[in-house]
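Quick notes on the structure that follows.
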Amino acid sequence: MNLEQTLSTPYFIINENQLIENLEKAKTLKMLSGAKLLLALKCFSTFGTFETIKPYLDGTTSSGSYEVKLGHETFGGETHAYSVGYSKQDIEDIKGLSNKIIFNSRSQLNAHYEACKNQASLGLRINPERSIAIQNLADPSRPFSRLGVKKNLLDLSVLDKVDGFMFHMNCENKDVNTFIELLDHISDTFAMYLDKLSWLSLGGGIFFTYPDYPIKKLANALKTFSIKHNIQLYLEPGEAIITRTTDLVVSVIDIVENIKKIAIVDSATEAHRLDTLIYDEPAFVRGSSSGGKYSYIIGSCSCLAGDQFCEAQFTSPLNIGQKLHIMDSGGYTMVKLNWFNGLKMPSIYFKHSNGKIDQLNKFSYDDFKASLGR
Ligand SMILES: Cc1ncc(COP(=O)(O)O)c(C=O)c1O
């Protein structure tokens, strides 16, 4: 029996080989485009893997003050700070740690300008009023969006205070052509600013590690843009770096039947894989196949009636105690874990290229209790 088979569920296991495969693509993109790449900590912050990631990326970007601190402490390189809203205390906490501080509105920029102007290069998030996002909930350009400043609220005086802009307008965009259309739109609409700025971040959501994604085409478009406006580009990938690297491993606890067979596992989307629930996007179980004649709902151990991972077909019946690997569970999972229902929190393991498995974290009843009071 190998070590992996002896691990107690639930747990996440991150595969270094897969991670390196994604990172090699990131390296190619950087080399061909001249863009700098920052890991979006909101997607993945499991710092026990950062020694593997650091040689490939330029630093981190964040969405809250604790992420800034974590990026600075555990990753290094360039630390970009962005938040939808900074309090005075947040600014005190981050200003010595950040290379760039990006504000979400002109009022935030004005409120914190004096405190930050000599500490970091400052930027402003712009809402390009166009986006590629499959779901309205994740669409930064949705009606009444609070994310970024629209063009009608900009004027050249903003350049007295900022050196850069940030746009984030893609979500799991696998189509290079639609990205290039967005880039052209930005180039045309904001040229008068871009030509005077020194840096521009194009955010995350570009799925350049998706199989057969035309990295060269993306790189050429970025390079052309960067030369045209004489500007340093940044990308902020999260999911593209961590995709297909991680399984959430669970055990079948019970099998019940209500018209369909339901395998109940020792985990819950609401607690351990929240985006399955939020975006109603079913997970995939390794080894399941659409042709299999044994069909199950993979149901969660939480009390929420609709909490299920997916429906899956198998070539043989599932057994109680059997482990199931819920695939592609690295992005937006470990950063969103919660203790709902007092379920056991998954441990986190890192499987190195040489086969060695490190336990990066484990949780106990004491952690659950401490999260509720002392
Ligand atoms: C500003 C910003 N940058 C980067 C990202 C990372 O996006 P992804 O994980 O899709 O690459 C996000 C995701 O919401 C974001 O809001």
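In listed order, ligands and their atoms are each counted from 1. Sequential numbering from 1 along the given sequence is applied to the chain's residues.
- Scanning for side chain to side chain contact (heavy atoms under 4.5 Å, CB included) contacts around K196 gives L159, with sequence neighbours left out.
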Please set out all donor-acceptor pairs under 3.5 angstrom arising from side-chain atoms of residues 46-57, sequence neighbours excluded.
residue, atom, partner, partner atom, Å
T49, OG1, T46, O, 2.8
E51, OE2, K54, NZ, 2.9
T52, OG1, E16, OE2, 2.7
Y56, OH, E24, OE2, 2.8

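- Listed by first and then second residue, the side chain to side chain donor-acceptor pair (under 3.5 Å) pairs involving residues 311-320 are K260-E311, S295-Q313 (not counting sequence neighbours).
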Enumerate, one pair per line, all nitrogen or oxygen atoms of ligand 1 lying under 3.5 Å from a protein nitrogen or oxygen, stating the separation to 0.1 Å; write 'none' if no such pair exists.
residue, atom, partner, partner atom, Å
ligand 1, 3 (N), E236, OE1, 2.6
ligand 1, 7 (O), Y332, OH, 3.4
ligand 1, 9 (O), E239, N, 2.9
ligand 1, 9 (O), Y332, OH, 2.6
ligand 1, 10 (O), G205, N, 3.4
ligand 1, 11 (O), G205, N, 2.8
ligand 1, 11 (O), G238, N, 3.0
ligand 1, 16 (O), K42, NZ, 2.8
ligand 1, 16 (O), H168, NE2, 3.4

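- Under a cutoff of 6.0 Å and an axis angle of 45°, K174 and F207 do not form a cation-pi pair.
- A donor-acceptor pair under 3.5 Å is absent between the side-chain atoms of S226 and the main chain of L222, judged by distance alone.
- Side chains of T178 and N173: a donor-acceptor N/O pair is present below 3.5 angstrom, by distance only.
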